[in-house]
Amino acid sequence: MNLLPIWSDRVAKSKAVETCTSFNLGLRKSRNYYAADCNFVETPEQAQGMLELAQQRPLSHIGFDTEFRYGRPGIRIDKSKIRFDPLSIEPLLMSLALVEPGRDDRDFRLYSFVVDLRNPDLWFAIKGILSLPVPCCAHFAKNELFCLWKLGLPEPRMLWDTFIFEKLLSLGRHHHKYNLSRESDDSELVKVKEQAEEKREFGLSLVATCQRYGVAHGMEGEKKRLQDSFLAHHDDMPFSAEQIRYAAEDAKVASILYPLQIQKAVEHSLLRHCETVEMDWVVTNARIEWEGVRIDLKKRDDAIHRISTNLKVLKHHLVHQHGIANSQSHKQLRDFFSRHGLLEQFRNADKFSFSRENLKEKQSLHPAIPLIRAVRRSSDLLSEKFLSPDFIGIDGRIRPEHKQLGADTGRQTSCWPNLLGLDRILRPLVVPAEGCGIGEVDWSQVEAGIAGAVYEDEALIQMFNSGDVYSSMAQLFFKDELSAEDLTIEGKEFKTKHKSLRNQMKTCTLGMLYGMTPSGLARQLGTTKAKATRLQKRFMKMFPQLQNALLEASQFGAIRGYANTISGLKRYRGRSGKSIHWEKNWLINHPVQGSAAVVFKATGNRLRKLYTQYDARIIIPLHDAFIFETRVECLKEVAELTAQVMCHTLQEYFPVLRPLVEVNITRSDCWNKDGNADELERWITSLNELMEVRLSSDAEAE
DNA sequence: GAAGAGAGCGCC
DNA sequence: AAAGGGCGCTCTCTTC
């Protein structure tokens with residue numbers, strides 16, 4: 001499919017093309033010849049010339065960018081957002097800016113090329129250049145990676161994403177909670193918030209980044225128009241000189257930003273984190289998005305049908321027996337419970353709360369309550385974006401957007417649909433490709449271990465290393481109440497025998513890492529504040545080193561202005577001065593959650609590379625678990641490899657830990673939790689039972 | 001009619 | 001005075 005057309009006069013006339021008319025293959029390339037202007041590459045000879053120049057010059061790094069369009073209309077998310085299926089990307093141009101350093105910072109040479117990606121005969125040169133052992137820099141490189149993969153080309157050997165770096169620098173600075181505590185009148189508050197929002201949106205863009213670093217972007221005013229011109233570009237249409245210049249410009253500025261960002265990275269001690277974890281994860285993350293997950297459409301439609309049939313019956317019953325037309329309406333529930341004199345049961349300070357938790361607790365007060373709960377759950381499930389046909393690609397796979405550094409702790413987030421937050425009941429709708437199976441490996445209690453390691457608490461480390469951290473904890477904490485035998489049994493056995501004691505420890509631990517107060521703990525454990533206070537005090541006594549380290553983390557972090565992780569990844573405060581309660585909490589939590597995210601990414605990067613030997617891929621990165629897909633016959637081996645890499649990588653970062661992982665390949669025909677592949681069926685059955693009881697008791701009453 | 005706040009659900 | 005870290009997303013109700 002050689003698309004080389006007769007280019008329009010405009011392109012032919014452009015100086016760029018004129019300077020590229022003749023080549024002496026194999027001869028030494030003239031620096032000045034290429035450095036003169038942007039070179040448009042449209043023949044294999046020109047591509048060869050470009051590649052040879054790149055191989056001959058002592059390059060320091062390369063800026064690159066792609067222009068593309070989508071072959072499929074996108075899904076409108078809201079007024080300003082459209083989601084395109086990555087698979088439908090159609091690469092048009094790739095621009096390259098080869099940088100050759102000179103005597104000092106200001107003296108460098110920049111060779112600028114723009115390659116027509118519609119011509120497959122030119123791809124070899126792209127492949128050759130991007131595999132050079134020099135960093136290739138792009139702003140939001142995910143799109144460039146998609147273009148490369150669409151053409152069947154490998155990713156660059158070394159990648160630097162100028163967008164991701166800017167995001168690292170801004171981590172935590174614009175958290176929405178900072179907007180809320182401003183003292184000003186309402187209209188002003190709204191304005192301030194809007195401005196902050198705009199700033200954040202614009203702030204990480206290439207143009208804004210250039211402005212911050214004092215880099216001139218030649219075409220900043222025309223960016224939007226030209227970007228759109230590619231989205232609407234027709235197949236056989238030649239590119240305008242302006243389009244080509246624009247493509248070249250983005251690669252150029254990315255290459256100029258790189259050394260400036262490196263300088264900044266050194267100042268923020270982020271360089272190591274970038275080079276060992278974050279920039280490699282750009283590729284891993286993009287690959288996960290590119291792979292997507294396969295959906296069993298029949299299973300999905302069946303699920304929708306069954307849930308909605310149930311919902312109809314439940315709703316009907318709720319309206320006719322109890323007069324609740326809409327159980328999602330706070331007002332209607334208030335009226336209903338008021339009518340039955342039960343409203344006070346749901347009081348929470350000066351408001352009323354009909355939360356799931358609250359309703360569950362008060363379940364026996366009225367026969368309508370279980371129905372309300374069931375209706376809520378059913379409609380929540382049915383309104384999952386995940387069930388919408390909009391997001392299914394042409395190959396039957398869903399590709400949610402995976403946002404790198406979506407959370408201020410450095411964690412990933414996902415959206416459209418939010419796969420990471422998918423209700424576990426719906427997980428089995430995710431199925432493997434033909435001939436493949438799905439496996440999952442997760443770290444056991446990893447955050448407790450990391451907390452022990454980053455805060456250097458020997459007691460916590462030792463409990464983590466014993467196998468089941470919460471069982472060991474309970475054995476020490478309740479040592480006076482337990483029998484001699486119970487003090488020595490294995491964690492696993494203890495877990496089943498003394499579930500409630502162990503759960504108390506779990507709540508205390510998580511509460512400690514999240515900065516829970518005695519009243520919060522009391523609510524969690526269903527006890528009084530006084531008891532919770534005593535419990536918490538006694539609990540903390542088990543970990544004196546930790547207690548001290550937590551205090552230091554929040555106090556020093558507040559002064560320093562950021563919380564740190566094992567690799568130097570930072571979360572910054574949005575302001576200075578005395579820290580508020582919430583800030584104290586995350587200053588303590590970030591080193592744990594953030595370090596866990598770092599280890600997770602480092603592990604994922606290794607897995608991605610090792611998986612290529614097995615025709616395996618990560619399909620879901622779940623904070624402390626990897627869900628992968630591979631050929632059925634490799635499943636066991638890949639699971640073992642995954643388990644090993646997970647343990648080893650964690651130990652590399654925290655040599656004091658002896659981590660354990662849980663492997664789940666028992667039901668490889670779908671994604672599931674602990675091998676439970678039929679949660680949906682069981683839930684529906686339990687609903688039906690509930691309905692039968694309800695209906696028969698009503699019949700009796702009549 | 002659009003947009004935002006608040007409540008509430010789900011996930012780790 | 002309130003007091004659980006990090007998210008995405010939907011629904012209701014109010015406001016402009």
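In what follows, chains carry the letters A, B, and so on, assigned in the order in which the sequence lines appear, proteins first and then strands, with residues in each chain numbered from 1. Model, not experiment: these values are computed from the prediction.
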**Message:** I'd like to check, for A:Y514, whether its ring lies over the base of C:dG5 with centroids under 5.5 Å apart and a plane angle smaller than 30°.
**Reply:** yes

**Item:** Test of ring centre spacing under 6.0 Å for A:F543 and A:Y455
**Value:** no

**Asked** Does C:dG6 have OP1 or OP2 sitting under 4.0 Å from an N or O in the side chain of A:T413?
**Response** no

**Request:** Calculate the interatomic distance between A:K177 atom NZ and C:dG5 atom C1'; express it in whole Å.
**Result:** 9 Å

**Message:** Using OP1 and OP2 only, check whether a side-chain N or O of A:W582 sits under 4.0 Å from C:dA1.
**Reply:** no

**Item:** Six-ring centre of A:F352, A:R334 cation under 6.0 angstrom, axis tolerance 45°
**Value:** no

**Request:** Could you check whether A:G511 gets within reach of a base, just the sugar-phosphate, or nothing at all, counting any heavy atom under 4.0 Å?
**Result:** nothing

**Asked** Any donor-acceptor pair under 3.5 Å joining the side chain of A:R411 to the base of B:dC12?
**Response** yes

**Asked** For the pair made of CG in A:D624 and P in C:dC7, what is the distance, rounded to whole Å?
**Response** 17 Å

**Message:** Please give me every residue in residues 585-594 of chain A whose heavy atoms get under 4.0 Å of an atom in DNA chain C, ordered by residue number.
**Reply:** A:N585, A:W586, A:N589, A:Q593

**Message:** What is the separation between atom CD1 on A:I620 and atom P on B:dC11, rounded to the nearest whole Å?
**Reply:** 14 Å

**Request:** List the steps, then state whether ring-ring contact (aromatic ring centres under 6.0 Å, His included) holds for A:F386 with A:F391.
**Result:** CA-CA 8 Å; A:F386 179 81; A:F391 294 102; 9.5 Å; no

**Item:** Face-on cation placement of A:K362 at A:F346 ring, 6.0 Å and 45° thresholds
**Value:** yes

**Asked** Does a side chain donor of either A:N664 or A:N672 reach within less than 3.5 Å of an acceptor in the other side chain?
**Response** yes

**Asked** Whole Å only: how far is the CG atom of A:D408 from the P atom of C:dG6?
**Response** 8 Å

**Request:** Looking at every strand, decide which applies to A:L521 at a 4.0 Å heavy-atom threshold: base, sugar-phosphate, or nothing.
**Result:** nothing

